[in-house]
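A quick write-up on the structure given underneath.
Hydrogens, waters and symmetry mates play no part in the numbers below; they use all other heavy atoms, side chains included.
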There are 4 protein chains.
Amino acid sequence: MNIGIIGASGYTGAELMRILPLHPEVEVTYVTAHTYAGERVSDLYPHLHKYVHICFEEFELERASEAADLHFIALPHGESMRVVPGLLEAGATVIDLSADYRLKDPEVYSRWYGVEHSSPGLLGDAVYGLPEIEGKRLAGAKLVAVPGCYPTATILALAPLARAGVLGIENVVVDAKSGVSGAGRSLSLAAHFAQAEGSVKPYGVGSHRHTPEMEQALRGLSGKECGLVFVPHLVPMSRGILATCYVRVGDDLDEREIDGLYADFYAGSPFVVCLGRDRFPETKAVCGSNYCHLGWRLDPEKGTLVVAAAIDNLVKGASGQAVQCMNLVKGWKETTGLEGLGIFP
Amino acid sequence: MNIGIIGASGYTGAELMRILPLHPEVEVTYVTAHTYAGERVSDLYPHLHKYVHICFEEFELERASEAADLHFIALPHGESMRVVPGLLEAGATVIDLSADYRLKDPEVYSRWYGVEHSSPGLLGDAVYGLPEIEGKRLAGAKLVAVPGCYPTATILALAPLARAGVLGIENVVVDAKSGVSGAGRSLSLAAHFAQAEGSVKPYGVGSHRHTPEMEQALRGLSGKECGLVFVPHLVPMSRGILATCYVRVGDDLDEREIDGLYADFYAGSPFVVCLGRDRFPETKAVCGSNYCHLGWRLDPEKGTLVVAAAIDNLVKGASGQAVQCMNLVKGWKETTGLEGLGIFP
Amino acid sequence: MNIGIIGASGYTGAELMRILPLHPEVEVTYVTAHTYAGERVSDLYPHLHKYVHICFEEFELERASEAADLHFIALPHGESMRVVPGLLEAGATVIDLSADYRLKDPEVYSRWYGVEHSSPGLLGDAVYGLPEIEGKRLAGAKLVAVPGCYPTATILALAPLARAGVLGIENVVVDAKSGVSGAGRSLSLAAHFAQAEGSVKPYGVGSHRHTPEMEQALRGLSGKECGLVFVPHLVPMSRGILATCYVRVGDDLDEREIDGLYADFYAGSPFVVCLGRDRFPETKAVCGSNYCHLGWRLDPEKGTLVVAAAIDNLVKGASGQAVQCMNLVKGWKETTGLEGLGIFP
Amino acid sequence: MNIGIIGASGYTGAELMRILPLHPEVEVTYVTAHTYAGERVSDLYPHLHKYVHICFEEFELERASEAADLHFIALPHGESMRVVPGLLEAGATVIDLSADYRLKDPEVYSRWYGVEHSSPGLLGDAVYGLPEIEGKRLAGAKLVAVPGCYPTATILALAPLARAGVLGIENVVVDAKSGVSGAGRSLSLAAHFAQAEGSVKPYGVGSHRHTPEMEQALRGLSGKECGLVFVPHLVPMSRGILATCYVRVGDDLDEREIDGLYADFYAGSPFVVCLGRDRFPETKAVCGSNYCHLGWRLDPEKGTLVVAAAIDNLVKGASGQAVQCMNLVKGWKETTGLEGLGIFP
């Protein structure tokens with residue numbers, strides 16, 4: 001199958017180009033990037049030296065439709081919704097890595113992203129691309145909205161608790177730590193080496209756009225409102241997200257019940273590795289891989305459960321997850337092309 | 001005044017040797033280290049090239065008493081209490097960077113540190129060396145117990161709230177991030193470069209020895225029990241601690257009141273910099289300095305106050321704070337020898 | 001085919017365990033590690049969670065012979081030669097990642113490694129496992145001596161020049177920069193995070209054991225003595241080696257000739273990527289991959305050619321190259337199991 | 001004395017603001033930055049929280065002349081020469097950190113920097129601000145041209161050899177490694193965290209602007225032409241330069257002679273620390289300090305001397321050295337305000 005990548009010059013686009021040559025069913029035939037149109041992929045990204053004969057192109061709908069049957073959209077939010085409707089109408093399958101089709105309510109979208117949604121009618125059709133939760137709904141989907149990196153880590157950490165009804169509106173704190181590639185390839189002082197190296201800092205406190213996405217997904221599992229206090233931090237590493245979640249559970253759950261909730265929830269999920277009680281994940285163990293490592297500990301004296309999830313923000317938090325979604329959409333084995341283990345040390 | 005450093009080969013000892021040449025009132029005349037006895041300081045630590053004529057010695061009480069009037073103890077917990085009583089009896093002033101004299105209750109000490117306290121009678125005399133809280137009690141003290149790095153950051157972040165009575169036994173989460181030098185100079189896999197680089201991970205979840213020390217200090221300010229859920233994380237940087245504190249305050253406090261609490265509490269504290277509302281600290285801004293940067297944000301919708309404190313774990317979290325204590329003990333200006341700003345970028 | 005890994009608890013052993021599940025022809029059935037005998041692989045290395053049912057064993061020749069047909073030896077030098085002869089006698093194929101069978105002259109071995117060689121008779125049989133040079137000789141080999149990481153990068157950078165007769169005994173300087181994983185998993189101050197982070201330093205100047213190995217290989221290509229001044233440096237990153245080579249060529253070569261030498265030499269080498277004239281490699285572009293990136297520039301005014309090679313020290317510099325050798329020994333496609341591109345950024 | 005910093009928003013300007021509060025003879029009274037005019041210094045640089053009441057201003061000659069007696073110029077090359085003549089005419093002392101007054105020959109300047117020099121008449125008056133070489137000429141100087149970071153490290157490593165006549169036109173290779181802050185505060189992909197982290201790469205091979213500056217200074221010491229092959233590399237750390245120099249000396253020098261050359265040359269230089277024979281420097285040992293650490297080893301078999309110098313590029317390589325120059329210009333003790341040791345670990 002021929003694959004297009006729209007907005008391919010950013011890190012999630014590059015990561016798709018890294019992953020897809022390992023996938024036996026597909027071939028990348030069309031990559032677009034406005035700024036780099038006409039340039040070789042391998043000139044921008046030497047690690048993609050296999051793409052020495054493929055150049056970035058300007059996006060054109062007609063050319064896109066001819067060149068590929070399935071498109072990954074790696075554009076910034078707001079730009080994605082300008083191309084998705086046309087691609088769908090032209091019959092393509094679309095897997096969108098932007099935020100544009102993640103939220104079901106267009107008003108919530110416009111409040112957090114500051115623009116009106118231009119195709120609100122598609123929001124209902126879009127399947128949220130978190131296979132561990134929406135797995136069955138992905139088969140045959142035409143439009144998939146792949147979650148962001150913070151939501152992926154946080155939801156995977158909390159989903160079993162949400163389904164068990166343990167999450168309320170004021171008992172959850174999520175302290176997340178992200179590598180700097182999460183800020184993308186766009187230049188900024190926060191992502192300038194000399195500023196980010198040797199430093200850790202919170203950012204976007206109280207105003208991060210991923211909060212409504214997480215609350216929406218957890219509400220879907222729980223059947224009731226879930227409220228998160230979510231604070232992301234920038235950590236001096238390139239890749240990786242660790243979401244440390246604090247859930248005040250009182251004496252509602254004991255350790256065996258927690259073990260059971262996680263084991264049950266992830267029984268059929270090949271990419272979620274439960275490290276088990278009192279063992280905590282580290283981001284490096286999943287670097288470059290599509291795995292999510294989970295660990296937890298109950299502090300009965302404080303009535304608090306600490307759950308931590310580690311993922312690679314560019315793989316399970318973006319491009320790997322998008323490929324996992326493609327596999328389920330197309331009915332291929334879920335792990336196809338994604339078998340690689342973490343690059344450690 | 002002649003200064004001794006007992007256990008000088010570790011990072012806090014080395015940091016004292018780095019700081020003290022900038023202090024006009026003192027001279028380092030005696031440094032001990034069992035493993036390196038007879039070796040030049042500058043051979044072990046090239047950055048201390050000024051110490052080319054000073055060698056590490058084996059600790060001997062008589063020699064120590066003659067060589068110096070004030071001793072910094074940079075030994076591991078358990079070893080410190082073997083030398084402190086003798087030094088005090090010999091008339092020296094002792095500023096102890098270990099954990100041995102921080103906890104007031106010897107039973108709590110033995111529960112968390114796994115050994116009986118050998119000089120419990122001194123616990124009552126020891127002044128807790130956090131000048132921002134115990135400042136006046138430090139004048140003329142004979143024995144100072146300098147806080148650990150995590151407690152320093154956490155207590156400075158929470159002290160104004162504790163004194164205001166806002167902290168309870170189940171409304172506080174502290175998610176702390178530490179650079180790897182916090183693990184000291186002793187070799188371990190966790191502090192091995194290839195394992196720590198590019199990775200963030202929780203450790204000591206639910207069992208960190210600093211928790212009772214923090215709860216004791218906050219109880220002292222609050223007049224009632226304070227309970228913390230405290231989870232430390234290792235972050236790939238050499239220096240720095242960031243303590244992100246989540247306090248569920250409901251609608252008890254508004255922003256102006258919070259501003260007021262912090263401004264009042266730290267009005268006379270030259271080393272605490274309140275960045276102000278909605279501005280958060282980064283560890284790099286205090287690297288190599290004795291400053292603590294504080295920032296906060298109230299999320300009224302979630303009823304939660306987020307406060308973050310950044311310090312250099314080896315300076316304000318250890319050796320710089322010890323020098324600050326010495327200044328107050330001796331009646332010198334609090335900032336003497338500690339005026340350096342953070343090394344940024 | 002069943003595969004054994006002898007000395008599997010170090011980083012090159014772990015890297016073999018990471019790579020081999022992607023190889024369709026083999027299965028890891030036997031892993032040994034003296035210190036960790038009886039422990040699960042996944043407990044020591046969480047990124048190898050697929051090995052949850054495989055435990056490290058003590059090495060025993062009989063068990064080894066039964067369990068596997070081909071063994072990778074990832075033991076330190078000096079230990080490898082204790083097990084290799086037995087395995088060969090038992091009929092196994094051996095791919096040795098240690099230094100024990102790299103040097104042809106047992107006296108050179110004992111001079112640099114400080115021990116007598118216990119099986120000098122095998123030195124002549126061992127094939128040097130650098131496929132780009134010895135490719136054809138590897139088919140059917142029983143004993144392969146995989147080069148070290150520094151020699152791999154240096155020889156790949158210089159081989160076309162050696163074959164062209166450009167290298168002499170005093171016109172080559174090699175300044176190499178290595179990530180800290182090159183020091184292995186054994187703890188040391190040099191590899192302690194707080195010491196290595198934020199620092200670059202030379203080490204082993206004038207006495208590095210890899211020098212005779214490099215000179216032997218270049219002499220083999222050149223037909224005359226080649227002398228290198230080789231200085232390795234430790235750089236604060238986990239993986240990667242960059243070898244910057246300075247060759248005084250006078251006006252013997254022009255740019256087109258150099259282009260030609262490299263293009264010819266590496267025409268059939270799938271893992272060597274010539275970036276072309278005036279483009280230089282960066283280690284991150286090959287991280288986690290088996291590729292070697294090469295770039296060069298001739299400074300005609302100074303009569304000097306600068307050639308730089310970048311590899312991942314644990315992949316092309318060790319375990320990936322060992323798998324590449326296995327492929328050639330067994331007659332499989334050279335790239336089998338090694339198709340992954342670099343993990344960037 | 002009142003001090004102005006022209007172009008204060010970059011890293012060398014910020015470093016001057018960090019250092020000068022520790023200097024007892026001066027006060028910073030005027031800081032300019034076009035982009036940030038009107039903003040508080042402490043808002044841009046939280047580590048400079050002492051500057052909470054000082055704002056960046058637009059440069060105006062009249063205001064500058066009134067506000068300060070001595071000006072540090074931290075502007076990019078080409079911009080510096082637009083303000084320096086005016087300041088000199090107004091009677092100020094000028095210490096210029098840009099490249100504009102380093103080269104004596106305006107044609108060499110225009111060839112390497114691509115612009116005509118607008119005040120070539122001042123080039124003869126400017127004193128090259130490397131106190132270890134030009135120390136006596138600095139007293140009372142009106143215009144000082146502070147060397148770049150690469151030239152400082154390289155020249156300090158090679159100066160004793162230059163003066164001894166050992167350097168020729170084709171026997172020196174300098175392989176330099178720099179932290180990323182050397183690229184300044186301007187955003188670029190090369191200095192983007194995710195690109196620079198975990199990677200080492202050469203850049204500017206054969207075309208680096210610092211080469212003529214180094215050759216000019218060495219020629220001045222040697223009395224004859226000196227030629228360098230100079231290749232800079234970017235290393236994933238914020239601060240620090242290591243210059244590894246390879247000098248083919250044949251059998252002209254033995255180890256004692258080399259020891260003597262270095263000891264003699266640096267006998268009166270408080271900031272140069274000769275580590276001695278076979279001991280090599282590491283950048284971290286000088287981080288945040290004005291020291292230069294030197295080490296060397298002679299390989300008699302290869303006829304090559306390896307000398308390495310480590311400095312902090314922003315201190316001894318820029319702002320610290322500028323303050324050292326000011327001390328000598330004004331007749332103050334050379335080390336005033338610069339006594340701090342390296343921040344290690």
Q. Which region of B/Leu314, side chain (C-beta onward) or backbone (N, CA, C, O), has a non-hydrogen atom less than 4.5 Å from a non-hydrogen atom of chain D, or is it both or neither?
A. side chain

Q: Tell me the residues of residues 282-296 of chain D whose non-hydrogen atoms fall below 4.5 Å from those of chain B, in number order.
A: D/Glu282, D/Lys284, D/Ala285, D/Gly288, D/Tyr291, D/His293

Q.
Out of the candidates B/Arg239, B/His47, B/Arg185, only one should pair with D/Pro345 under the side chain to side chain contact (heavy atoms under 4.5 Å, CB included) rule; please name it.
A. B/Arg239

Q) Relative to chain B, which of D/Gly198, D/Gly179, D/Pro46 shows the most heavy atom pairs under 4.5 Å? A) D/Pro46

Q. With no hydrogens and no angle check, is any side-chain donor or acceptor of B/Arg18 less than 3.5 Å from a backbone partner on D/Phe344?
A. no

(Q) Using a 4.5 angstrom heavy-atom cutoff, name the option from B/Lys50, B/Arg279, B/Glu197, B/His49 with the most pairs to chain D. (A) B/His49

Q: Measure distances from B/Leu22 to the heavy atoms of chain D and classify the residue's part below 4.5 Å as side chain, backbone, both or neither.
A: side chain

Q) To the nearest 0.5 Å, how far apart are CD in D/Glu15 and CD1 in B/Ile343? A) 6.5 Å

**Q.** Region of B/Asp312 that comes under 4.5 Å of a non-hydrogen atom in chain D
**A.** neither

